[in-house]
Amino acid sequence: MEIRKLKSIERKKFKTIRGKSTLEERNNIKKNVEIFINSYLTHKKIIRYVAIYWPLKNEIDLRSLKEKYPVALPKCQPNKQIEFFIWDDTSLKDDIHGIPSPDNGRLLNSKEVSIIFVPCLSIDKKLIRLGYGGGYFDRLRNDLGWRSIPCIGILTETCVSKNLLIKAEWDIPLSGFITDKRISV
């Protein structure tokens, strides 16, 4: 069976598992993200922008980070690229996939972003991420400047795969992940 079909089977499985996550699990993930950021600040001393995502179906909602930190949101481009823009008080506008993104023209480069949090359907022990299959984050991280930034997967512990996930040649391992039960970075 080809890789795309196998990944599709994995996506269906982990979407179902994620759909059963509880409010307590989601809140614990948010607490662990805060613990991680505070630890990062302790060691690095400064934080430029924290790149998050606009939550889709059952993804962990990290938008409250905007209250404490400078935050960036992604915008999907027609060329299958993703770019991060400062999320300020200007209005949001749907990108090509209908996902709200900043409409302020304040594009960030890799030197301006300290951490990238990325939603995961699953992740395995080799830090291979299972997402929705668009390849946006892998394309972004194909650039060495973006790959040097810690890219942390966000998911419930129940979605951490006990087996290795199907890996395509373009998949780039993440830097770690955060769940409701652990910070593995």
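This chain uses plain numbering: 1 for the first residue, then up along the sequence.
Side chain of N38 to backbone of E34: a donor-acceptor contact under 3.5 angstrom is found. Distance alone, capped at 3.5 Å, is enough to place a donor-acceptor pair between the E10 side chain and the I166 backbone. In this structure, R141 contributes its side chain and F137 its backbone to no donor-acceptor pair below 3.5 Å. Formation of a donor-acceptor pair under 3.5 Å by the S39 side chain with backbone atoms of I35 is not found in this model. Remark: side-chain polar atoms of D180 are paired, donor with acceptor, to backbone N or O of E157 under 3.5 angstrom. Within the 3.5 Å criterion, the main-chain N or O of K12 finds a donor-acceptor partner in the side chain of T16. Within the 3.5 Å criterion, the main-chain N or O of L121 finds no donor-acceptor partner in the side chain of R129. Formation of a donor-acceptor pair under 3.5 Å by the R139 side chain with backbone atoms of G134 is found in this model.
The structure places CG of L127 at 13.0 Å from CD1 of I172, a figure rounded to the nearest 0.5 Å. In this structure, the separation between CD1 on I149 and OG on S110 is 5.0 Å, given to the nearest 0.5 Å. Atom-to-atom distance recorded for I115:CD1 and I37:CD1 is 5.5 Å, nearest 0.5 angstrom. Within the model, atoms NZ of K162 and OG of S122 stand 9.5 Å from one another, a figure rounded to the nearest 0.5 Å. Remark: L92 CG to L73 CG distance equals 6.5 Å, nearest 0.5 Å. With values rounded to the nearest 0.5 angstrom, I178 atom CD1 is found 9.5 Å from S184 atom OG.
The shortest distance between side-chain heavy atoms of L174 and C120 falls below 4.5 Å. No side-chain heavy atom of W54 sits less than 4.5 Å from a side-chain heavy atom of E59. Between C151 and V118, some side-chain heavy-atom pair lies under the 4.5 Å cut-off. Two residues are said to be in side-chain contact when any heavy atoms from C-beta on lie closer than 4.5 Å; K7 and D171 meet this criterion. Looking only at side-chain heavy atoms (C-beta outward), I123 and I128 stay at 4.5 Å or farther from each other. Counting only heavy atoms from C-beta outward, the side chains of V50 and F117 approach each other to under 4.5 Å. Residues F177 and I154 fail the side-chain proximity criterion, which asks for heavy atoms closer than 4.5 Å. The shortest side-chain heavy-atom distance between P70 and R48 does not fall under the 4.5 Å cut-off.
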> Run the side-chain contact (heavy atoms from CB on, under 4.5 Å) check on Y53 and L62 step by step: do they pass?
Replying inline: CA-CA 8 Å; Y53 51 88; L62 300 179; 4.0 Å; yes
> Is there a side-chain contact (heavy atoms from CB on, under 4.5 Å) between I116 and W146 once you walk through the steps?
Replying inline: CA-CA 9 Å; I116 302 170; W146 286 101; 3.9 Å; yes
>> What verdict does the side-chain contact (heavy atoms from CB on, under 4.5 Å) test give for W87 and S101, after you've listed the backbone C-alpha separation in whole Å, the side-chain angles of each residue and the deciding distance to 0.1 Å?
In response: CA-CA 8 Å; W87 185 16; S101 61; over 6 Å; no
>> Is there a salt bridge (charged side-chain N to carboxylate O under 4.0 Å, His left out) between D89 and K66? Walk through the geometry before answering.
In response: CA-CA 10 Å; D89 293 329; K66 186 176 186 277; 3.5 Å; yes
> Is there a salt bridge (charged side-chain N to carboxylate O under 4.0 Å, His left out) between E25 and K181 once you walk through the steps?
Replying inline: CA-CA 8 Å; E25 288 170 326; K181 300 206 185 278; over 6 Å; no
> Does the side-chain contact (heavy atoms from CB on, under 4.5 Å) test come out yes or no for R11 and L130, once each step is laid out?
Replying inline: CA-CA 7 Å; R11 282 187 190 94; L130 180 66; 3.9 Å; yes
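Here D88 pairs with R106 under the salt bridge (Lys or Arg N to Asp or Glu O under 4.0 Å) rule; sequence neighbours left out. For D143, the salt bridge (Lys or Arg N to Asp or Glu O under 4.0 Å) test picks out no residue, with sequence neighbours left out.
The closest side-chain donor-acceptor pair between T156 and R18, if any, does not fall under 3.5 angstrom.
Across all their heavy atoms, I86 and Y49 have their closest contact at CD1-OH, 3.3 Å. Of all heavy-atom pairs spanning K57 and Y132, the tightest one is O-OH, 3.8 Å. Contact record, F14 with C159: CE2-O, 3.5 Å, taken as the closest heavy-atom pair. Closest approach of T179 to V160, counting heavy atoms only: CG2-CG2, 3.8 Å. For the pair L108 and A72, the tightest heavy-atom approach, listed with the atom from each and the gap, is CD1-CB, 3.5 Å. Scanning both residues, K167 and I3, for their nearest heavy atoms gives O-CD1, 4.0 Å.
Criterion: ILVMFWY side-chain heavy atoms under 4.5 Å apart, direct or through other members. Under it, L56 and I60 are part of a common hydrophobic cluster. Side-chain heavy atoms closer than 4.5 Å link hydrophobic residues (I, L, V, M, F, W, Y) into clusters, and following such links, possibly through other members, connects V185 to I29. I99 and I82 are members of different hydrophobic clusters when ILVMFWY side chains are connected at heavy-atom separations under 4.5 Å.
Remark: K125 NZ is loosely packed, at most 12 non-hydrogen atoms of other residues, nucleotides or ligands lying under 6.0 Å away.
Contact check on K126 versus D124 returns no salt bridge, with no Lys/Arg side-chain nitrogen under 4.0 Å from an Asp/Glu carboxylate oxygen.
The aromatic ring centres of Y136 and H97 sit less than 6.0 Å apart.
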